[in-house]
Amino acid sequence: MTTLSTLKKFKREGTKFTCLTCYDSMFARMMDKAQIDTILIGDSLGMVVQGHDSTLPVTVDDMAYHTANIARSNQHALILADLPFMSYVTLPEAIANSRKLMQAGAHVIKIEGGSELCDLVTTLAQAGTPTCVHLGLTPQSVNVFGGYKIQGRGDEAADKLLADAKAVVAAGAALLVLECVPAELAKAVTEAVTAPVIGIGAGADTDGQVLVMHDMLGMVHGRVPRFVHDFLTDERNSARSIEGAFALYQQSVREGSFPTEQHQFS
Ligand code: KIV
């Protein structure tokens with residue numbers, strides 16, 4: 001069973017680890033078989049499961065329902081679950097909503113933002129709830145960014161992101177997710193913090209990698225993001241099976257053959 005201690009050990013040893021999003025029980029069983037290290041019940045379920053055009057409509061009850069589906073089938077992975085849009089604006093609602101997800105089976109609660117989350121991160125850590133802070137392109141802020149755009153470009157934005165990462169880790173964040181930031185910045189953040197860092201569109205130098213399950217199985221609606229690789233039709237997955245795709249992803253991340261330069265931003 002993967003725990004936060006396992007991921008910290010992986011970071012110390014330089015062992016790259018995997019994360020995939022997952023929303024239902026059967027896929028969780030297949031990920032288990034492939035020994036995927038961590039599973040994220042992402043609020044991306046709003047787009048890939050519910051058919052919305054953003055993550056904003058997802059509710060805490062939706063997240064709790066999908067988290068419980070995964071928890072019933074999972075044996076091996078550390079389970080991360082997203083607190084959805086506007087469900088952690090005040091400390092009392094953040095605490096109540098984290099409790100719902102932890103009681104549904106999450107091991108770690110993921111929240112999006114920067115140093116403004118420090119009080120919440122510390123409060124949850126003291127209450128026995130580890131957090132993963134998602135920085136960079138945080139999809140819940142799509143309307144602030146004016147679209148899904150690369151973040152952390154330019155000295156000022158890079159310095160702010162690095163400072164935010166250090167601040168939330170000092171406040172007690174157990175993990176970070178870095179989404180769509182220049183690879184060089186992701187490397188600097190990963191080296192600067194003790195917490196394991198999971199990247200998506202953040203280059204090869206983060207401690208772990210995450211992909212949306214549907215994307216890595218080639219099920220993409222619209223434009224395929226640069227950081228996605230289709231592991232289902234990859235010729236190394238000779239059976240062209242879903243389990244084979246998960247196993248190939250696990251192997252590729254561990255051995256360092258995914259992601260490559262073609263999947264990263266500068
Ligand atoms: O909700 C999600 O799937 C995520 C990943 C893209 C990291 O937050």
Side-chain angles (χ1 to χ4, degrees), residues 2 6-23 27-28 30-42 44 48 76-78 80 110 132 134-137 139 148 150-152 175-191 195-266:
T2 310
T6 318
L7 300 185
K8 280 188 195 147
K9 183 166 165 278
F10 283 167
K11 180 171 179 121
R12 282 197 305 273
E13 296 172 347
T15 303
K16 303 286 181 187
F17 64 88
T18 51
C19 182
L20 282 176
T21 68
C22 190
Y23 319 96
F27 284 113
M30 292 185 188
M31 288 182 193
D32 222 63
K33 241 179 142 178
Q35 299 281 285
I36 298 298
D37 299 303
T38 68
I39 284 178
L40 168 66
I41 297 93
S44 53
V48 297
H76 174 73
L78 182 78
L80 281 55
K110 184 161 84 59
C132 171
H134 185 153
L135 300 131
L137 200 182
Y148 296 98
I150 313 305
Q151 300 296 310
L175 297 172
L176 300 181
V177 163
L178 281 185
E179 178 165 353
C180 291
V181 301
E184 206 181 315
L185 173 60
K187 182 172 191 286
V189 171
T190 305
E191 287 170 356
V197 178
I198 308 173
I200 175 165
D205 291 312
T206 54
D207 302 302
Q209 296 291 328
V210 58
L211 284 177
V212 170
M213 181 193 80
H214 293 67
D215 289 349
M216 59 83 75
L217 293 176
M219 293 186 280
V220 180
H221 178 63
R223 197 177 54 85
V224 181
R226 180 189 175 103
F227 53 81
V228 168
H229 178 74
D230 178 349
F231 287 89
L232 185 69
T233 59
D234 187 309
E235 60 184 19
R236 292 169 298 168
N237 175 16
S238 48
R240 301 287 191 271
S241 69
I242 292 172
E243 279 177 21
F246 293 160
L248 180 59
Y249 172 67
Q250 174 70 22
Q251 179 196 327
S252 304
V253 171
R254 264 291 198 278
E255 73 189 15
S257 61
F258 176 82
T260 65
E261 268 184 27
Q262 84 188 55
H263 303 111
Q264 72 187 35
F265 302 100
S266 51

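Nothing here was measured: the structure is a model prediction, and the numbers come from that model.
Of all non-hydrogen atoms in Leu211 and Phe227, the two that sit nearest each other are CD2-O, 3.8 Å. Gln264 approaches Ala204 most closely through the heavy-atom pair OE1-N, 4.1 Å. Among all heavy-atom pairs drawn from Lys110 and Val177, the shortest one is CD-CG2, 3.9 Å. Nearest heavy atom pair, residue Ala186 against residue Ala202, reads CB-O, 3.1 Å. Of all heavy-atom pairs spanning Pro182 and Ser266, the tightest one is CB-C, 3.9 Å.
For the salt bridge (Lys or Arg N to Asp or Glu O under 4.0 Å) test, residues two or more places apart in sequence or in another chain that qualify with Glu13 are Lys9.
With contacts defined as side-chain heavy-atom distances shorter than 4.5 Å, the pair Leu40/Leu20 does not qualify. Here the side chains of Arg254 and Phe10 are in contact, with some heavy-atom distance below 4.5 Å. Side-chain contact between Leu137 and Ile150 is absent, with no heavy-atom pair separated by less than 4.5 Å. Two residues are said to be in side-chain contact when any heavy atoms from C-beta on lie closer than 4.5 Å; Cys180 and Tyr148 fail this criterion. Within the 4.5 Å cutoff, no side-chain heavy atoms of Val210 are placed close to those of Thr18.
More than 12 heavy atoms of other residues, nucleotides or ligands lie within 6.0 Å of CD in Gln35, so this atom counts as buried by the packing criterion. For Glu255, the CD atom is densely surrounded, since the number of other residues' heavy atoms within 6.0 Å is greater than 12.
Rounding to the nearest 0.5 Å places CG of Asn237 at 10.0 Å from OG of Ser252. Rounded to the nearest 0.5 angstrom, Met216 CE and Leu232 CG are separated by 8.5 Å. Once rounded to the nearest 0.5 Å, the distance linking CG of Leu248 with NE2 of His229 reads 6.5 Å. One finds the CG atom of Leu78 at 9.5 Å from the SG atom of Cys132 (value rounded to the nearest 0.5 Å). If you take CD1 on Ile36 and CE on Met213, they are separated by 11.5 Å, rounding to the nearest 0.5 Å. Remark: His134 NE2 to Ile198 CD1 distance equals 10.5 Å, nearest 0.5 Å.
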I would like to know whether Arg236 and Ser257 meet side-chain contact (heavy atoms from CB on, under 4.5 Å); could you show each step before the answer? CA-CA 12 Å; Arg236 292 169 298 168; Ser257 61; 4.1 Å; yes
Might you work through the side-chain contact (heavy atoms from CB on, under 4.5 Å) test for Leu176 and Leu135, ending with a clear yes or no? CA-CA 7 Å; Leu176 300 181; Leu135 300 131; 4.0 Å; yes
Could you go through Ile39 and Leu80, starting from their C-alpha distance and side-chain angles, then the distance that decides it, and tell me whether this counts as side-chain contact (heavy atoms from CB on, under 4.5 Å)? CA-CA 6 Å; Ile39 284 178; Leu80 281 55; over 6 Å; no
Might you work through the side-chain contact (heavy atoms from CB on, under 4.5 Å) test for Ile200 and Leu178, ending with a clear yes or no? CA-CA 6 Å; Ile200 175 165; Leu178 281 185; over 6 Å; no
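When atom types are taken as modelled, the side chain of Thr38 and the backbone of Ala77 share no donor-acceptor pair closer than 3.5 angstrom. The closest donor-acceptor contact from the side chain of Arg226 to the backbone of Gln262 lies under 3.5 Å. The backbone N or O of Gly203 sits less than 3.5 Å from a side-chain atom of Gln209, completing a donor-acceptor pair. The backbone N or O of Thr190 lies less than 3.5 Å from a partner atom in the side chain of Lys11, making a donor-acceptor pair. The closest donor-acceptor contact from the side chain of Asp230 to the backbone of Asp234 lies at 3.5 Å or more, if one exists at all. Listed for the Asp207 side chain is a donor-acceptor partner under 3.5 Å among the backbone atoms of Val197. Side-chain atoms of Asp37 never come within 3.5 Å of backbone atoms of Phe17 as a donor-acceptor pair (strictly under, hydrogens ignored). With hydrogens and angles disregarded, no donor-acceptor distance shorter than 3.5 Å links the side chain of Thr21 to the backbone of Ile41. The main-chain N or O of Thr206 is never found under 3.5 Å from a side-chain atom of Lys187 such that the two would form a donor-acceptor pair.
Residue pairs meeting the ring pair (Phe, Tyr, Trp, His ring centres under 6.0 Å) criterion with at least one partner in residues 242-266, sequence neighbours excluded, are Phe231-Tyr249, Phe231-Phe258, Phe258-His263.
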